[in-house]
Protein chains: 2
Amino acid sequence: MTSDFEAQLRAVSLRVTRPRLAVLTALRDHPHVDTDTVIALVRADHPTVSHQAVYDVLRALTDAGLVRRIQPSGATARYESRVGDNHHHVVCRSCGAIADVDCAVGDAPCLTASDDHGFTVDEAEVVYWGTCPDCATERTCQ
Amino acid sequence: MTSDFEAQLRAVSLRVTRPRLAVLTALRDHPHVDTDTVIALVRADHPTVSHQAVYDVLRALTDAGLVRRIQPSGATARYESRVGDNHHHVVCRSCGAIADVDCAVGDAPCLTASDDHGFTVDEAEVVYWGTCPDCATERTCQ
DNA sequence: CCAAAAACTTGATTCATTCCAGAAGACCGG
DNA sequence: CCGGTCTTCTGGAATGAATCAAGTTTTTGG
């Protein structure tokens, strides 16, 4: 499993370091977490990793396309390791929970804008806003 | 024109104040601006308005549904006064320019998620990422 | 015009994120 | 296996958007 991550890193010309493997592992096991949570998860195994390293790693991995950055309005940045399949997310307005949603229509549902104003569009990002099951039943969620 | 804003404010039980009218005017004339720009625009006419007032007003207007908050990943919050028609946005990765895009398919194109995980979805927000005409031609854009 | 409630001003504070300088680690060639 | 070089990480300080708090002004209903 770790060797998978090692191969992924080498594939994008990034050096294989403990912090990077730890971040990839954390994101595999915990999708949609924010930076603070990543730091906590990484430190569970490697207590000496600095917060700066996590920020650096997340940026490097995002730039390389190994992880994806999600930032719903009004929330801090979150990351996930599921990439390359153009899926989207449902976000709970109440507690901020995030779940994956596959494209409704084919692989790139809304990629074709009706009028692109001359923009060259290469990606469509969809965020569904609503209420998660927990918050729908009990008002006392968070 | 100002009386329109006055009516809008009263319609949602908000008091009519100079800062609020100024913010609404600024957003009507300059769509997709960030908070700092709103402050600057408001102060052009009313130099004594505090930044805190602008933050308060933007929040109040957003909660009331008179303006819409947009926050593309990695950028600061932006606001626009066009609401109620479920339109979307194209964002330039290079210079951050934003343009409006009407829904490709009907009024709510992607509102139906393929699998909503039990979430009650009430809105679908779409962000198209790409390159604006200016940045596409000249590499030196900002 | 007056009183109550909401909104605004000023100034300080929080928190995610970034910047910086020096130390440590990864990788290439030998 | 080993040193040299360049990337990456550590630790701490700094930035900047956004929020909080106390007190004053303004709006609005009677």
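Residue R15(B) comes nearest to L9(B) through the heavy atom pair O-CD1, 4.1 Å, listed as atom of the first residue, atom of the second, then distance. Heavy-atom minimum distance, R69(B) versus A77(B): NH2-CB, 3.6 Å.
S50(B) comes within 4.0 angstrom of a base, heavy atoms only. Using a 4.0 Å heavy-atom distance criterion, A60(A) is classed as making no nucleic acid contact.
As a whole-Å value, the separation of H51(A) NE2 from dC15(C) P is 15 Å. As a whole-Å value, the separation of D36(A) CG from dA16(C) P is 5 Å. Counting to the nearest Å, the P atom of dT17(C) and the CG atom of D34(A) are 8 Å from each other. In this structure, CZ of R59(B) is placed 13 Å from P of dA7(C), rounded to the nearest angstrom.
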Got a list of side-chain donor-acceptor pairs under 3.5 Å for residues 49-65 of chain A, not counting sequence neighbours?
| residue | atom | partner | partner atom | Å |
| --- | --- | --- | --- | --- |
| S50(A) | OG | A53(A) | N | 3.1 |
| Q52(A) | NE2 | D56(A) | OD1 | 3.0 |
| T62(A) | OG1 | L58(A) | O | 2.5 |

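The main-chain N or O of S81(B) is never found under 3.5 Å from a side-chain atom of R28(B) such that the two would form a donor-acceptor pair. The main-chain N or O of R78(A) is never found under 3.5 Å from a side-chain atom of H32(A) such that the two would form a donor-acceptor pair.
Residues H89(A) and D100(A) meet the side-chain proximity criterion, which asks for heavy atoms closer than 4.5 Å.
Mapped onto DNA chain C by nearest heavy atom, A77(A) and T17(B) fall at different nucleotides, with T17(B) at the one closer to the 5' end. Between D56(A) and T35(A), the residue anchored closer to the 5' end of DNA chain C is T35(A), taking for each the nucleotide with the nearest heavy atom. Residue order along DNA chain D, read from the 5' end via each residue's closest nucleotide, puts V57(A) first among V57(A) and Q71(B).
Note that CZ of F119(A) and CG of D134(B) are 8.5 Å apart. Values are rounded to the nearest 0.5 Å.
Comparing atom distances between the R15(A) side chain and each of dT17(C), dA26(C), dC8(C) picks out dA26(C) as nearest. Here the side chain of R18(A) is nearest to one of dC8(C), dA26(C), dA16(C), namely dA26(C).
Bracketed by its first and final contacts, the part of DNA chain D lying under 4.0 Å from non-hydrogen atoms of chain B reaches from dA17(D) to dT28(D) in 5' to 3' order.
Applying side chain to side chain contact (heavy atoms under 4.5 Å, CB included) to V23(A) and the options I39(A), L41(A), V42(A) leaves one that passes, V42(A).
A salt bridge links E123(B) with R93(A); the closest basic N to acidic carboxylate O contact falls under 4.0 Å.
Axis angle, first five pairs versus last five pairs of the helix from dC1(C)-dG30(D) to dG30(C)-dC1(D): 50°, rounded to 10°.
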